[in-house]
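Scroll down for the structure; my scribbles are underneath it.
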Amino acid sequence: MTSIPNEQKEQLFGALRGANLAFQKVYPGDRSERQPVHTVYGGANLFRSDLARALGERAVETFQTYAPDVQTFGNVFGLGNGRLASDVYQKVLRKLQTQAVEDFRIDFEDGYGNRANEEEDETAANAAREVAKGMEAGTLPPFIGIRIKPFTEEMKERGLRTLDIFISTLAKESGGRLPDNFVVMLPKVTIPEQPATLAAFFDILEQQNGLAVGSLRMEMMVETTQSIMDLHGTNPLYRFIQASKGRCIAMHFGTYDYTASAGITARYQEMDHPVCDFAHHMTKVALAHTGIWLSDGATNTMPIGPHRGDLTDTQKEENRAVVHRAWKKGYDHIRHSLWNGYYQGWDLNPAQLPMRYAAVFAFFLESYDDAVDRLKTFVEKAARATLIGDVFDDAATGQGLLNFFLKALNSGAITEEEVLRTGLTLDEIRGRSFKKILENRARK
């Protein structure tokens with residue numbers, strides 16, 4: 001029996017319970033739903049309702065032209081010519097043929113530029129009508145949204161005006177509906193007042209356009225050094241999240257704006273530069289376990305050959321060399337992001353999509369067999385230890401393996417049938433908690 005009086009114990013534990021629950025509310029853990037592996041950006045003036053399908057067709061054409069067989073594919077990405085290369089090749093081809101674009105952002109910022117107000121007004125209305133048409137035809141990608149201009153003092157009026165026109169036109173054309181997984185991206189966030197203002201305008205737009213309360217969601221961009229460390233020497237990112245009033249679901253890293261902000265010259269503005277790694281780690285530490293998705297940026301070296309039209313053999317070879325070098329560079333950047341725990345990134349051109357899926361699928365598939373064996377063995381040993389009363393204190397390893405399969409499944413690298421080889425159910429995998437798996441199995 002404890003020597004501590006129950007009254008004192010209950011008083012102290014009561015205070016602790018409140019603090020524990022407050023902590024759990026802030027850090028609920030990663031979300032289990034599907035996160036897109038990429039976001040494709042395109043100027044708002046170019047958006048059409050069937051653009052995702054058109055981009056997919058161009059991606060397939062590029063893939064079949066420059067990776068016509070497993071051997072070429074394996075050589076480009078350093079995967080060899082064995083089972084791994086064959087598996088990844090087939091999965092990439094199937095993905096490009098069925099759902100090449102997972103997420104698309106209709107861009108009114110850098111991809112669109114500064115234009116006359118009348119022109120951007122018309123573009124916003126046209127883009128909204130095309131989205132409504134895509135909703136009706138079922139041609140939109142699974143995730144979609146718009147990027148408005150930043151809420152800086154110079155651009156705030158234009159950013160809001162575009163958002164207002166787009167949302168009001170879309171609501172009118174669609175009967176008050178938004179596409180599935182629709183989001184508004186706010187770029188160049190530097191102070192909490194910017195997302196707070198956008199969240200307040202969301203309230204007004206929902207009311208004015210008959211949209212469900214809370215249906216408008218935002219994501220923000222990390223593009224300046226001030227968004228990593230403010231003048232007080234603290235990381236402000238979670239304050240940005242709080243300011244969004246529950247509206248923010250993701251943070252995206254802007255590689256080129258951020259490196260420019262850090263004084264990096266153009267030649268060295270790359271995704272794997274150490275200043276980017278620092279920003280990634282700071283963002284990860286600030287927002288881990290909050291449920292906020294994190295996305296890396298883009299490789300701006302395009303896999304597009306210099307020659308067009310009727311080509312000589314020499315010109316064809318030059319095109320192949322350019323595309324293969326750009327693919328491998330982008331592939332290495334994406335692998336670097338995945339290694340750092342960033343499972344989403346940007347793509348700027350359909351020719352980049354083959355390297356995106358090659359990197360993501362290879363990252364998971366090359367570890368799949370080992371992870372299956374490790375997780376099966378780990379669950380069995382952990383369950384036995386629990387049943388006989390032994391101490392089992394390495395649950396973090398089991399949780400890491402569980403995270404691997406959840407990310408691999410959500411990315412499309414493995415199928416549901418391939419997940420079941422672990423001996424776990426889909427509900428157990430999607431439940432995200434290794435601790436709860438052990439507890440439930442111990443009770444059976």
Side-chain angles (χ1 to χ4, degrees), residues 15-16 18-31 109-110 147-156 159 184-200 218-298 333 336-346 396:
L16 177 60
N20 281 338
L21 293 177
F23 178 87
Q24 292 171 12
K25 186 176 181 180
V26 173
Y27 299 104
D30 296 336
R31 309 208 309 268
E109 204 219 1
D110 290 343
R147 177 165 70 166
I148 60 174
K149 289 182 169 62
F151 271 19
T152 59
E153 198 59 24
E154 299 78 14
M155 292 291 180
K156 62 185 183 183
V184 177
M185 174 174 278
L186 183 63
K188 297 178 175 59
V189 177
T190 53
I191 54 176
E193 289 79 3
Q194 291 165 345
T197 301
L198 181 58
M218 76 173 77
E219 55 193 10
M220 302 181 221
M221 297 199 65
V222 176
E223 296 182 271
T224 67
T225 55
Q226 293 84 6
S227 59
I228 293 297
M229 186 173 291
D230 62 19
L231 77 167
H232 302 295
T234 61
N235 184 298
L237 291 178
Y238 191 71
R239 294 199 297 277
F240 295 173
I241 299 299
Q242 288 177 304
S244 76
K245 304 297 183 184
R247 300 276 193 169
C248 184
I249 63 169
M251 281 281 186
H252 289 244
F253 185 68
T255 303
Y256 303 98
D257 281 285
Y258 185 85
T259 49
S261 176
I264 307 303
T265 59
R267 180 178 179 181
Y268 302 106
Q269 289 180 293
E270 301 284 6
M271 287 174 62
D272 55 359
H273 193 286
V275 301
C276 297
D277 284 345
F278 175 77
H280 293 148
H281 300 327
M282 289 287 285
T283 302
K284 194 77 159 175
V285 169
L287 299 180
H289 310 298
T290 61
I292 300 297
W293 283 339
L294 303 180
S295 174
D296 207 345
H333 283 169
H336 186 78
S337 300
L338 292 164
W339 183 71
N340 275 316
Y342 279 69
Y343 299 99
Q344 184 177 353
W346 293 5

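The chain is numbered in sequence order, starting from 1.
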Going by heavy atoms in the side chains, are His281 and Asn340 under 4.5 Å from each other?
yes
Please round to the nearest 0.5 Å and tell me the distance separating atom CD1 of Ile228 and atom CZ of Phe278.
7.5 Å
Which residues satisfy the side chain to side chain contact (heavy atoms under 4.5 Å, CB included) test with Leu287, sequence neighbours excluded?
Leu237, Tyr238, Ile241, Met251, Thr283, Thr290, Ile292, Leu294
Who are the side chain to side chain contact (heavy atoms under 4.5 Å, CB included) partners of Leu21, not counting sequence neighbours?
Arg17, Gln24
Kindly indicate whether the side chain of Met221, heavy atoms from C-beta on, has any atom under 4.5 Å from the side chain of Asp257.
no
Is it the case that the side chain of Arg31 and the backbone of Gly291 share a donor-acceptor pair, with hydrogens and angles ignored and the cut-off at 3.5 Å?
yes
So, for Tyr343 and Leu338, which heavy atoms are closest and what is the spacing to 0.1 Å?
CD2-CD2, 3.7 Å
For the student: nearest non-hydrogen atoms of Ser227 and Asn235, plus distance:
O-OD1, 4.4 Å
Identify the two heavy atoms, one from Gly254 and one from Trp346, that lie closest to each other, and give their separation to 0.1 Å.
CA-CH2, 4.4 Å
Is there a side-chain contact between Lys188 and Glu109 in this structure, where contact means two heavy atoms from C-beta onward sitting under 4.5 Å apart?
yes
Holding to side chain to side chain contact (heavy atoms under 4.5 Å, CB included), I want the full list of residues that pass it with Thr255, two or more places apart in sequence or in another chain.
Phe253, Met271, Cys276, Asp296
Counting distance only, does the side-chain N/O of Ser261 pair as donor-acceptor with the main-chain N or O of Thr225 below 3.5 Å?
yes
Compare every heavy atom of Ala199 with every heavy atom of Ser244, then report the nearest pair and how far apart it is.
O-CB, 3.5 Å
Tyr342 side-chain N/O to His336 backbone N/O, donor-acceptor pair under 3.5 Å:
no
Sequence neighbours left out, what passes side chain to side chain donor-acceptor pair (under 3.5 Å) with Glu223? Give chain and number order.
none
Nearest atoms (heavy-atom pairs only) where Met220 meets Pro195:
CE-CB, 3.6 Å
Who pairs with Arg239 by side chain to side chain contact (heavy atoms under 4.5 Å, CB included), at least two apart in sequence or on another chain?
Pro192, Asp230, Thr234, Pro236, Gln242
Please list all pairs passing the salt bridge (charged side-chain N to carboxylate O under 4.0 Å, His left out) test where one or both residues lie in residues 270-291, with sequence neighbours left out.
Glu270-Lys329
Given side chains that start at C-beta, do those of His252 and Gln344 come closer than 4.5 Å, heavy atoms only?
yes
